[in-house]
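Would you mind keeping the following structure in view while I ask a few things?
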Amino acid sequence: MTFIDGNAIAGPLSSVFAFDVTTAVGQCVGCGSVASFAEAHVYDQSPGLVMRCASCESVLLRMVRSPDRTWLDLTGLSYVQF
């Protein structure tokens, strides 16, 4: 599967967060890597968006939107620093 860079998640996440999330930093649960969201690999070929760690490819974030709801799963991140 091909991916796009983490900057692609800025638009969809702007409906949830009131700032540019590409500048947020998070730690991967899988490998412990600390990086900005902009460095992650984003896959958009599914019903939602999947953001994976650039170091180990673990899933960091999943986001699915419908017309009236947004589901956001951040269980792949130990923390997010804004």
Side-chain angles (χ1 to χ4, degrees):
M1 251 189 204
T2 53
F3 65 87
I4 49 183
D5 74 30
N7 290 305
I9 204 146
L13 284 178
S14 69
S15 67
V16 178
F17 298 104
F19 61 90
D20 180 8
V21 295
T22 60
T23 62
V25 172
Q27 182 178 34
C28 174
V29 170
C31 70
S33 175
V34 177
S36 71
F37 278 30
E39 296 175 59
H41 298 169
V42 175
Y43 296 85
D44 62 352
Q45 292 89 14
S46 61
L49 296 173
V50 175
M51 186 172 84
R52 292 184 172 269
C53 176
S55 297
C56 74
E57 287 296 314
S58 289
V59 173
L60 301 173
L61 176 151
R62 288 180 281 235
M63 180 180 183
V64 177
R65 294 189 304 179
S66 73
D68 62 337
R69 296 181 196 269
T70 299
W71 290 266
L72 187 60
D73 175 8
L74 300 167
T75 55
L77 291 162
S78 297
Y79 68 84
V80 177
Q81 179 185 24
F82 303 108

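One-based numbering along the sequence shown.
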Checklist entry - Shared ILVMFWY cluster between Val42 and Val64, side chains joined below 4.5 angstrom? => result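 Each belongs to a different hydrophobic cluster.
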Item to check | Cluster link Met63 to Ile4, ILVMFWY, side chain under 4.5 Å | outcome: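 Cluster IDs for Met63 and Ile4 match.
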Item to check | Val21 to Ala10 - nearest heavy-atom pair and separation | outcome: CG2-CA, 4.1 Å
Next on the checklist: How long is the straight-line distance from CG of Leu60 back to CD of Gln27, given to the nearest 0.5 Å?
Outcome noted: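 It is 10.5 Å, given to the nearest 0.5 Å.
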I'd like a table of donor-acceptor pairs (distance under 3.5 Å, sequence neighbours excluded) in which one partner is a side-chain atom from residues 50-59, with atom names and distances.
unit_1: Arg52; atom_1: NH1; unit_2: Glu57; atom_2: O; d: 2.5
unit_1: Ser55; atom_1: OG; unit_2: Ser33; atom_2: OG; d: 3.4
unit_1: Glu57; atom_1: OE1; unit_2: Tyr43; atom_2: OH; d: 3.1
unit_1: Glu57; atom_1: OE2; unit_2: His41; atom_2: ND1; d: 2.7

Which pairs of donor and acceptor atoms, one on a side chain in residues 73-82, lie under 3.5 Å apart (sequence neighbours left out)?
unit_1: Asp73; atom_1: OD1; unit_2: Thr75; atom_2: N; d: 2.9
unit_1: Asp73; atom_1: OD1; unit_2: Thr75; atom_2: OG1; d: 2.8
unit_1: Asp73; atom_1: OD2; unit_2: Arg62; atom_2: NE; d: 3.0
unit_1: Asp73; atom_1: OD2; unit_2: Arg62; atom_2: NH2; d: 2.4

Next on the checklist: Show every salt bridge (charged side-chain N to carboxylate O under 4.0 Å, His left out) that has at least one partner inside residues 27-48, sequence neighbours left out.
Outcome noted: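 Sorted result for residues 27-48: empty, none.
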Checklist entry - Shortest non-hydrogen contact from Gly6 to Thr22? => result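 Result for this residue pair: O-CG2, 3.9 Å.
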Next on the checklist: Looking at every heavy atom in both Trp71 and Ser66, which two are closest together, and how far apart are they?
Outcome noted: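 Minimum heavy-atom contact is CZ3-OG, 3.8 Å.
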Next on the checklist: Please give me the minimum heavy-atom distance between Leu49 and Pro12, naming the atom from each residue.
Outcome noted: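 Shortest heavy-atom separation between Leu49 and Pro12 comes out as CD1-CG, 3.4 Å.
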